[in-house]
Asks: 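The structure under discussion is supplied below as structure tokens; questions concerning it will follow.
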Amino acid sequence: MEFVEAKTILTKVRYGDDWYGVDYNMNLYRGCCHGCIYCDSRSNCYHIENFDTVKGKKNALVILERELSKKKDHGVVGIGSMSDTYNPFEKQYEVTRGALKLLSKYDFGVAIDTKSDMILRDIDLLKEISAKNNVIIKFTITTPDDDLCRIIEPHVCVSSKRYAAVRALSENGIFAGIMMNPVLPFITDGDEDIRKLVRLAHENKASFIQTYMGVTLRENQRDYYYRKLDEHFPGLKEKYIRYYGDRYNCSVPDYERLYRVLTEECDRYGILYNMSDIIKAYKKEIIRDEQLALF
């Protein structure tokens, strides 16, 4: 694996209240080899050349420890927003595991986005962090159908394995759930698909399901996505062009009704879906040693 220079690892965010209450963000790798046909991170605006090739960051853990040690706000650190931190190279290099050790050492919380069940390797550290701060694990599951999953997300474990990972984390006391993002118009937006996805989430003890009921398409990512539609869903590209033109936000047709299908099923099973409710459910009051010393 090629390694690239990095000046910083940890970035303060301003959108935390709108996105799982994260306080910082970091990506330990550049690029992703999962091959998901819809990935917005492939867009030119992120300036990641050869996105499908994973690259490490030189001295990532040294830089991260230096940054963590200087932070007074021991908030929640988001991992995996641009590329899945549990890529195949993580088995060898264990950069993510090293980062979790540092988050635990300095009493930070963590919010992880992933499609990989490799995260189960790190249950011990997630439980350790959870004992001191807040932890939330978000599995992207776009379809309950493993065969369809293999087409739209070809180089990562199938949906059934992700469901099983959600269950394993939940049974170990880790707050875990599902990002049903994106929802692909005319592919994964069927009523029964959504109902099945929610039912399986319930059966596998997911605490939440979050979605924006659409897909984003821009620049080179739109071209890439359309090439994959031609390859796997002949004729569908033309339908997208007629329906969406060059729009960036491509919400599924009949968005409001389909969202009601989701929320009604979630209510039926007691699964959270509002962002504010999800944040409130996983975040707990953190009392620091220095605070206790005052008493």
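Note that the structure is a prediction, hence the values are computed from the model and not measured. All values below were derived from every heavy atom in this structure, side-chain atoms included, with hydrogens, water molecules and symmetry-related copies excluded.
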Asks: So, does N133 use its side chain to make a donor-acceptor pair with the main chain of I129 at under 3.5 Å?
Replies: no
Asks: Measure the spacing between SG of C266 and CG of D277 and express it to the nearest 0.5 Å.
Replies: 11.5 Å
Asks: Which heavy atom of A168 sits nearest a heavy atom of L120, and at what distance?
Replies: CB-CD2, 3.8 Å
Asks: Y29 and F3: same hydrophobic cluster, using ILVMFWY side-chain contacts below 4.5 Å?
Replies: yes
Asks: Looking only at heavy atoms, what is the nearest atom pair of P182 and G214, with distance?
Replies: CB-O, 3.1 Å
Asks: With E5, which residues qualify under salt bridge (Lys or Arg N to Asp or Glu O under 4.0 Å), at least two apart?
Replies: K58
Asks: So does S104 get a backbone contact from the side chain of K132, meaning a donor-acceptor N/O pair under 3.5 Å?
Replies: yes
Asks: Calculate, to the nearest 0.5 Å, the distance between atoms CG and CD belonging to N87 and Q92 respectively.
Replies: 11.0 Å
Asks: Measure the spacing between OG1 of T11 and CG of D23 and express it to the nearest 0.5 Å.
Replies: 13.0 Å
Asks: Can you list everything that forms a side-chain hydrogen bond (donor to acceptor under 3.5 Å, both in side chains) with S83? Sequence neighbours excluded, please.
Replies: none
Asks: With sequence neighbours excluded, give me every ring-ring contact (aromatic ring centres under 6.0 Å, His included) pair touching residues 123-165.
Replies: none
Asks: V166 vs R162, test: side-chain contact (heavy atoms from CB on, under 4.5 Å). Steps then yes/no.
Replies: CA-CA 6 Å; V166 170; R162 292 178 226 170; 5.7 Å; no
Asks: Are more than 12 heavy atoms, taken from residues, nucleotides or ligands other than K280, located less than 6.0 Å from that residue's NZ atom?
Replies: no
Asks: Please collect all side chain to side chain donor-acceptor pair (under 3.5 Å) contacts where either partner lies in residues 177-189, sequence neighbours excluded, each pair once.
Replies: N181-Q210, N181-T211
Asks: For R222 and R247, indicate whether the former's side chain and the latter's backbone hold a donor-acceptor pair under 3.5 Å.
Replies: yes
Asks: Of the non-hydrogen atoms in C250 and L217, which two are nearest, and what is the gap between them?
Replies: SG-CD1, 4.0 Å
Asks: Walk me through whether I79 and N27 qualify under side-chain contact (heavy atoms from CB on, under 4.5 Å).
Replies: CA-CA 6 Å; I79 306 177; N27 287 281; over 6 Å; no
Asks: Are K101 and E128 within salt-bridge range, i.e. N to O under 4.0 Å?
Replies: no
Asks: Between Y248 and L229, is there a shared hydrophobic cluster once you connect ILVMFWY residues whose side-chain heavy atoms come closer than 4.5 Å?
Replies: no
Asks: Check for a donor-acceptor pair, side chain of R195 on one end and backbone N or O of E265 on the other, with a separation under 3.5 Å.
Replies: no
Asks: Please list every donor-acceptor pair under 3.5 Å in which a side-chain atom of residues 59-66 meets a protein atom from a residue at least two apart or in another chain.
Replies:
residue, atom, partner, partner atom, Å
E65, OE2, K105, NZ, 2.6
E65, OE2, Y106, OH, 2.8

Asks: What class does the angle between the rings of H74 and F108 fall in, given that below 30° is parallel, 30 to 60° is tilted and above 60° is perpendicular?
Replies: parallel
Asks: Taking atom types as modelled, find out whether T114 and K138 have a side-chain donor-acceptor pair closer than 3.5 angstrom.
Replies: no
Asks: Check the pair W19 / M275 against side-chain contact (heavy atoms from CB on, under 4.5 Å), numbers first and verdict last.
Replies: CA-CA 7 Å; W19 192 251; M275 183 63 71; 4.0 Å; yes
Asks: Hey, can you tell me if Y93 and F89 have their rings parallel, tilted or perpendicular (30° and 60° cut-offs)?
Replies: tilted
Asks: Could you list the residues that satisfy side-chain hydrogen bond (donor to acceptor under 3.5 Å, both in side chains) with T53, not counting sequence neighbours?
Replies: none
Asks: Hey, quick one: are I209 and V215 part of the same hydrophobic cluster, counting side-chain heavy atoms closer than 4.5 Å, chains of contacts allowed?
Replies: no
Asks: Determine whether I187 and V183 fall in the same hydrophobic cluster, where Ile, Leu, Val, Met, Phe, Trp and Tyr are linked whenever their side-chain heavy atoms lie under 4.5 Å apart.
Replies: no
Asks: Report the distance from atom CD1 of I178 to atom OG of S207, rounding to the nearest 0.5 Å.
Replies: 10.0 Å
Asks: Taking only distance into account, with no hydrogens and no angle test, what donor-acceptor pairs under 3.5 Å do side-chain atoms of residues 199-206 form with protein atoms, sequence neighbours excluded?
Replies:
residue, atom, partner, partner atom, Å
R199, NH1, E203, OE2, 3.1
N204, ND2, L200, O, 2.9
K205, NZ, E171, OE2, 3.2

Asks: Would you please name every residue forming a salt bridge (Lys or Arg N to Asp or Glu O under 4.0 Å) with D146, sequence neighbours left out?
Replies: none
Asks: Picking from L148, I152, D147, what satisfies side chain to side chain contact (heavy atoms under 4.5 Å, CB included) with R150?
Replies: D147
Asks: Rounded to the nearest 0.5 Å, what separates atom CD1 in I194 from atom OG1 in T263?
Replies: 10.0 Å
Asks: What residues, two or more places apart in sequence or in another chain, satisfy salt bridge (Lys or Arg N to Asp or Glu O under 4.0 Å) together with K161?
Replies: none
Asks: Would you confirm whether S159, through its side chain, and T143, through its main-chain N or O, come within 3.5 Å as a donor-acceptor pair?
Replies: yes
Asks: About how many Å separate CD1 of I151 and CD of E231, when rounded to the nearest 0.5 Å?
Replies: 9.5 Å
Asks: Enumerate the residue pairs fulfilling ring-ring contact (aromatic ring centres under 6.0 Å, His included) with a member in residues 210-243, sequence neighbours excluded, ordered by first and then second residue.
Replies: F186-Y240, F186-Y243, Y225-Y240, Y240-Y244
Asks: Tell me, with the steps shown, if E192 and K196 meet side-chain contact (heavy atoms from CB on, under 4.5 Å).
Replies: CA-CA 6 Å; E192 291 309 310; K196 183 178 180 181; over 6 Å; no
Asks: Would you name the heavy atoms of S130 and I174 that are closest together and state the gap between them?
Replies: CB-CD1, 4.3 Å
Asks: If hydrophobic clusters are built from ILVMFWY residues whose side chains come within less than 4.5 Å, do V198 and M213 share one?
Replies: yes
Asks: In a table with atom names and distances, give each donor-acceptor pair under 3.5 Å that connects a side chain of residues 31-42 to protein atoms at least two apart or in another chain.
Replies:
residue, atom, partner, partner atom, Å
H34, NE2, D84, OD2, 2.9
Y38, OH, E153, OE2, 2.5
D40, OD1, S43, OG, 3.3
D40, OD1, T216, OG1, 3.4
D40, OD1, R218, NE, 3.3
D40, OD2, Y46, OH, 3.0
D40, OD2, R218, NH2, 2.8
S41, OG, M82, O, 3.0
R42, NH1, C36, O, 3.4
R42, NH1, Q221, OE1, 3.0
R42, NH2, C36, O, 3.2
R42, NH2, D52, OD1, 3.3

Asks: Main chain of K284, side chain of N134: is a donor-acceptor contact present, judged purely on distance under 3.5 Å?
Replies: yes
Asks: Please name all residues satisfying salt bridge (Lys or Arg N to Asp or Glu O under 4.0 Å) with D124, sequence neighbours left out, ordered by chain then number.
Replies: R97
Asks: Indicate the atoms forming the closest heavy-atom contact of P144 with D193, along with that distance.
Replies: CG-O, 3.6 Å
